[in-house]
Amino acid sequence: MIALADCNNFYASCERVFNPKLKNKPVVVLSNNDGCIIARSNEAKKLGIRMGEPAFKAKDIIEKNDVYVFSTNFALYGDMSNRVMSIIGNMVPSFEVYSIDEAFLNFSGISNYTDICSKIMKVVNKSTGIPISIGLAKTKTLAKVANHIAKKHTKENIFVLDNSSKVLSVLKRFPISEIWGIGRSRLKMLNFYGVKTAYDFIKLDERWVKQNMTIEGLRMHKELKGELCYLVQYSSQNKKSICTSRTFSRDIDNIEDLEQAISNHAMRCSEKLRKQKSSARYIGVFINTNRFKNQSQYLSSHRSILLDTATNDSIEIIKASIRLLRSIYQKNYYYKKSGVIVGDIIPENEVQINLFNQFADHPQRSDLFRKIDLINKTMGRDTIRVLSQGHPRNWKLKQENLSPCYTTRWDDLLRISS
DNA sequence: TCTGGGGTCCTAGGACCC
DNA sequence: TCTGGGGTCCTAGGACCC
């Protein structure tokens with residue numbers, strides 16, 4: 001069995017822990033710049049305040065009903081999350097932290113899972129003040145369904161989907177829109193073909209699902225029928241890309257302010273990189289205009305580069321980010337959002353080098369491999385990894401199209417190795 | 001010179017999640 | 001007036017290889 005443990009109304013619940021007078025009162029938490037509503041207590045949900053709604057649209061409801069409003073405090077939520085997760089971790093053999101407020105628990109080979117889950121709910125609530133719900137089933141996707149029911153249709157906030165007839169009767173009433181992995185676009189497509197419930201969906205032919213919804217749709221299909229596709233991953237994985245972005249509280253129309261923001265974002269990205277002991281080989285910068293202001297002028301620009309050598313050095317990342325920003329900056333637009341992405345992340349102590357095709361018949365090539373071997377032997381295995389090797393036929397053509405950052409690679413390597 | 005099947009690598013962008 | 005931030009996975013298509 002797999003369980004999904006999910007904190008109820010997490011951010012709103014966190015605020016409540018430190019402010020007892022909020023008990024049984026409507027509470028909402030707002031996003032950056034107090035823009036959107038991103039968490040609601042049950043009382044706030046009952047008032048008809050919608051998830052993701054702009055705060056100004058809900059202003060009337062908020063004022064009339066004395067709703068308590070908070071700006072986000074991510075330091076607090078992160079800290080509370082760690083506490084909840086470590087309690088859960090102490091009570092189950094293996095589990096996966098799926099998001100700030102959710103964890104999948106692995107109960108394979110364990111029969112008293114409901115007892116353990118009830119106990120987890122009690123202990124977490126008693127020692128952190130955060131209420132949680134747990135759904136149990138054979139697969140992650142079904143555990144999500146069970147969790148949904150636990151939250152909305154049970155008093156105890158726990159629900160077990162343990163036999164196939166129970167699963168079928170639940171799926172017959174479960175709207176397809178609520179299934180994990182069905183978003184706006186897939187919902188529209190499925191509705192077009194008359195699929196309204198999860199049961200309608202599992203009755204579809206697997207080949208049709210694969211063809212129309214790719215491999216992800218097929219996995220969803222199988223998981224809903226009880227076939228395991230997503231395993232509980234108990235070891236925490238490093239991020240594969242890291243992004244820092246913000247919406248400005250006002251429109252920006254000059255490059256100085258943008259440079260300032262991009263520098264900060266780049267700094268935060270490098271900090272996150274170093275924290276997970278990684279380096280990035282790819283840097284991207286994007287800026288968007290205000291998409292609500294003038295739709296015909298909406299502009300979204302993104303530029304990126306691959307670096308010669310992976311880095312997590314703040315100065316290098318900032319410099320590259322500013323260069324990218326300058327290459328995409330355009331006047332006459334009012335920028336509203338900016339961000340930096342670092343990607344192709346590799347462990348800190350490794351250097352990755354792409355041997356591009358223009359070097360394939362380089363007379364020093366065999367020499368190079370000898371040097372790489374030598375470096376790896378003295379510095380440790382995989383200090384330098386050769387990612388791809390090209391063919392001489394490609395040489396001339398490639399060379400013309402290469403961006404400057406590639407062409408130095410050969411010299412850099414020779415310098416490193418000599 | 002023309003032809004095809006079976007690959008790899010890379011990028012851009014869609015769709016989804018919390 | 002005011003509309004979030006941070007991720008993952010997958011596919012298509014170009015350009016190239018044998």
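Sequence lines set the chain letters: A, B, ... in the order given, protein chains first and strands last, and positions in each chain run from 1.
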Check step by step if side chain to side chain contact (heavy atoms under 4.5 Å, CB included) holds for A:Asp101 and A:Tyr11.
CA-CA 9 Å; A:Asp101 68 336; A:Tyr11 299 164; over 6 Å; no
Minimum-distance nucleotide (side-chain atoms of [X] versus [options]):
X: A:Arg186; options: B:dA15, C:dC9, B:dC17; answer: B:dA15
X: A:Tyr98; options: C:dG4, B:dC17, C:dC9; answer: B:dC17
X: A:Ser99; options: C:dG7, C:dC2, B:dC18; answer: B:dC18
X: A:Lys144; options: C:dT11, B:dC17, C:dG6; answer: B:dC17
X: A:Lys240; options: C:dG7, C:dC9, B:dC16; answer: C:dC9
X: A:Asn32; options: C:dG6, B:dC16, C:dG5; answer: C:dG5
X: A:Ser245; options: C:dG7, C:dG6, C:dC10; answer: C:dG6
X: A:Pro54; options: C:dG7, C:dT3, C:dT11; answer: C:dT3

Side chain to side chain donor-acceptor pair (under 3.5 Å) partners of residues 29-40 of chain A, not counting sequence neighbours, each pair once
A:Asp34-A:Ser71
What do you reckon, are the aromatic ring centroids of A:Phe174 and A:Trp180 less than 6.0 Å apart?
no
To the nearest Å, give me how far apart CD1 (A:Ile287) and P (C:dG5) are.
15 Å
Which donor-acceptor pairs under 3.5 Å do the side chains of residues 182-190 of chain A make with protein atoms, sequence neighbours left out?
from, atom 1, to, atom 2, distance (Å)
A:Arg186, NH1, A:Gly181, O, 2.8

Protein-nucleotides 12-14 of chain C N/O pairs under 3.5 Å:
none

Enumerate, in order of first residue number, the stems that involve DNA chain B, defined as 3 or more consecutive Watson-Crick or G-U wobble pairs with both distances under 3.5 Å.
B:5-18 with C:5-18
Using a cut-off of strictly less than 4.0 Å between a heavy atom of the residue and any atom of DNA chain B, enumerate the qualifying residues of residues 174-181 of chain A by number.
A:Ile179, A:Trp180, A:Gly181
Between A:Cys243 and A:Phe56, which is nearer to the 5' end of DNA chain C once each is assigned its nearest nucleotide?
A:Phe56
Can you list, pair by pair, the side-chain donor-acceptor contacts under 3.5 Å of residues 51-61 of chain A, counting residues two or more places apart and other chains?
from, atom 1, to, atom 2, distance (Å)
A:Glu53, OE1, A:Arg50, N, 3.0

Touch class at under 4.0 angstrom, heavy-atom based, for A:Lys336 against every strand present
sugar-phosphate
For A:Leu30, answer base if it contacts any base atom (sugar-phosphate contacts may also be present), sugar-phosphate if it contacts only those atoms, and nothing otherwise; contact means non-hydrogen atoms under 4.0 Å.
nothing
